[in-house]
Amino acid sequence: MSEKIHRGWLSGAAYAGMFGFGIVMAVLGAVLPLLARRIHFDLSQAGELFLAMNAAMLVTSLALGPAIDRFGHKPPLVIGPLFVAGALGLIAEAGRFGGLVVALLLLGIGGGALNQVTNTLIADLHQDERRKSAELNILGVFFGFGALFIPFTIGSLLRNIGFASILSIALGLTLVTTFLSFPLGFPEPRQRKGVSFPEILHFLRQPLVLAFAFLLFFESGNEFIIGGYLTTYLTKALGAGVQTASYLLGSYWGALMIGRVILSRVTLRKSGASLILVSALAVAGSLVFLLLAPSVPVAAVAVILLGFSIAAIFPTVLGIAGSSYANYSGTVFGILMGIALCGGMLLPWAVGKTANIWGIGTGLSIAIFDALAIFALQLTATRFRSVSSAYVQP
């Protein structure tokens, strides 16, 4: 098999895995109103579901990074979808809040594995920094396809085939990654002797790693907040129906996906740092627009702008980091995603608690401050990166 064809099949496996992670990211937000009606839980408990899922993702990401550097990409790409499929089956049948928590823990394990390994694999397949960012944006398009699947099928097919059937279809689609990855050969592990604990501590002390990690802390928090609470905001604050809210959530993911298609070309010519700065300010502005929207049609415009605005941040940061630490991409990505998922775990939880007391609009306003923090941290990262010693490898 030629190198080009080999790379194409590996990229295809990563795309399928990221499609599955898109389902993971969108499923809870899309089905939250339906689950709340069936099992009867409030916004505070909804925050606990996000906490459980992201705690599982956090542990998985921290453990998986050094493991990928030592053992390679194949094991998590084969096994991760099995956890996601099992979780979707449990969600479809859940009749108690406790059972839902178990499903979300499994979903977090599988989703964390897919997110970590697909991003690391695509980064490792390309050497040039701008090409890494471009290809990671393409990978993010498949995230968008996966994230679109649940809200659009709920919006269009819920009455015809039912909630459980939609999740069963999603379950089958996630297993494509396992069947596609199993027969493939993968790149050799970068660190066959393993990554020592002192080496991990070395990276944890690097200013550039920490700046990007906390930038992604706020970015991950915002992605989970928007994906998880947008339908609740639209139904509770603006009176949209569940199907309308699902379509608008799908429009958000669709705008994000189209934005990443465009950015896969833009990042080949433009500075990644400048794209992150512009995107952070645009996210803050779009959120203000959404919270001030007087009606569902106006909110729809804000939702689409929000999807375009947020598209660049995560993959572009990973492209820069992957170039700076090419020989330890799994370990560094593990640190970045581990701290990012702390944001994905804590910030939606804070939104749920805030919304339960002061309303969903007040809760969502937390995301505006997150976007401004991203802007400040990117300025800090640019300053650190200008000093070569900030990212010297061990």
Hey, does L287 have a side-chain heavy atom less than 4.5 Å from the side chain of L364? no

Under the side-chain contact (heavy atoms from CB on, under 4.5 Å) rule, what do L175 and L82 come out as? Steps first, then yes or no, please. CA-CA 7 Å; L175 293 176; L82 303 179; 3.7 Å; yes

For the backbone of N115 and the side chain of N119, can you confirm whether one donor and one acceptor N or O come within less than 3.5 Å of each other? yes

Any K236 side-chain heavy atom under 4.5 Å of Y229 side chain: no

Main chain of A16, side chain of T177: is a donor-acceptor contact present, judged purely on distance under 3.5 Å? yes

Keeping R260 on the side-chain end and N137 on the backbone end, is there a donor-acceptor pair under 3.5 Å? no

Sub-6.0 Å ring centroid separation between F143 and F19: no

Please tell me whether L106 and L88 are part of a single hydrophobic cluster in this structure, the criterion being side-chain heavy atoms less than 4.5 Å apart. no

Which heavy atom in T382 sits nearest to a heavy atom in A273, and how many Å separate them? OG1-CB, 3.8 Å

Is atom CZ of F83 surrounded by more than 12 heavy atoms (other residues, nucleotides or ligands) closer than 6.0 Å? no

Might you point out which heavy atoms bring A300 and L248 nearest each other, and give the distance in Å? CB-CD2, 3.5 Å

Please report the shortest heavy-atom distance between F21 and G111, naming the atom on each side. CD1-O, 3.2 Å

Side-chain contact, heavy-atom cut-off 4.5 Å: I91 with L100? yes

Assess the residue pair V303 and I226 against the criterion (side-chain contact (heavy atoms from CB on, under 4.5 Å)); give the C-alpha distance rounded to whole Å, side-chain angles, the decisive distance to 0.1 Å, and a yes or no. CA-CA 9 Å; V303 167; I226 295 165; over 6 Å; no

Under 3.5 Å, side chain of T174 to main-chain N/O of L171, donor-acceptor pair present? yes

Closest non-hydrogen atom pair between L336 and A321, with its separation: CD1-CB, 3.6 Å

Side chain proximity check, L238 to S295, heavy atoms < 4.5 angstrom: no

Hey, quick one: are L90 and I79 part of the same hydrophobic cluster, counting side-chain heavy atoms closer than 4.5 Å, chains of contacts allowed? yes

If you round to the nearest 0.5 Å, how far is CG of L306 from CG of L256? 9.0 Å

Okay, side chain of K74, backbone of F182: is any donor-acceptor separation there less than 3.5 Å? yes

Determine whether E219 and I310 satisfy the following criterion, side-chain contact (heavy atoms from CB on, under 4.5 Å), listing intermediate values before the conclusion. CA-CA 9 Å; E219 171 62 14; I310 205 168; 3.3 Å; yes

I'd like to know if I368 and W349 are part of one continuous hydrophobic network [Ile/Leu/Val/Met/Phe/Trp/Tyr, side-chain heavy atoms within less than 4.5 Å]. yes

Evaluate whether atom CZ of F308 has more than 12 neighbouring non-hydrogen atoms of other residues, nucleotides or ligands under 6.0 angstrom away. yes

Quick check for you: to the nearest 0.5 Å, what is the distance between F314 atom CZ and N222 atom CG? 12.0 Å

Is there a side-chain contact (heavy atoms from CB on, under 4.5 Å) between F218 and L377? Walk through the geometry before answering. CA-CA 10 Å; F218 291 104; L377 284 162; 3.8 Å; yes

Is there side-chain contact between P315 and L139, with heavy atoms separated by less than 4.5 Å? no

Side chains of L347 and F217: closer than 4.5 Å at any heavy-atom pair? yes

Out of the candidates L346, I366, T362, only one should pair with V351 under the side-chain contact (heavy atoms from CB on, under 4.5 Å) rule; please name it. I366

Ignoring hydrogens, what is the shortest heavy-atom contact between A284 and L372? Give both atom names and the distance. CB-CD2, 4.1 Å

Nearest-0.5 Å distance that lies between atom CG in L379 and atom CD1 in I374: 12.5 Å

Enter the distance from I276:CD1 to Q378:CD here, rounded to the nearest 0.5 Å. 4.0 Å

State, yes or no, whether a side-chain contact exists between L173 and I169 at a heavy-atom distance under 4.5 Å. yes

Looking at T178 and V78, would you say the former's side chain and the latter's main chain have a donor-acceptor pair under 3.5 Å? yes

Of all heavy-atom pairs between A293 and V298, which one has the smallest distance, and what is that distance? CB-CG1, 3.8 Å

Quick one: do F149 and V261 end up in the same hydrophobic cluster if we chain Ile, Leu, Val, Met, Phe, Trp and Tyr together by side-chain heavy atoms under 4.5 Å apart? yes

Given 3.5 Å as the limit, does a donor-acceptor pair link the side chain of S61 with the main chain of G338, or not? no

So do the side chains of V296 and T244 get within less than 4.5 Å of each other, counting heavy atoms only? yes

With rounding to the nearest 0.5 Å, note down the distance linking OG1 in T153 to CD1 in I166. 4.5 Å

Would I109 and M57 show up in the same hydrophobic cluster when neighbours are defined by side-chain heavy atoms closer than 4.5 Å? no

Atom CG of L291 and atom OG of S365: how far apart are they, to the nearest 0.5 Å? 6.5 Å

Flag yes if more than 12 heavy atoms outside F97 fall under 6.0 Å of its CZ atom; otherwise flag no. yes

Backbone N/O of Q116 and side chain of T120: donor-acceptor pair under 3.5 Å: yes

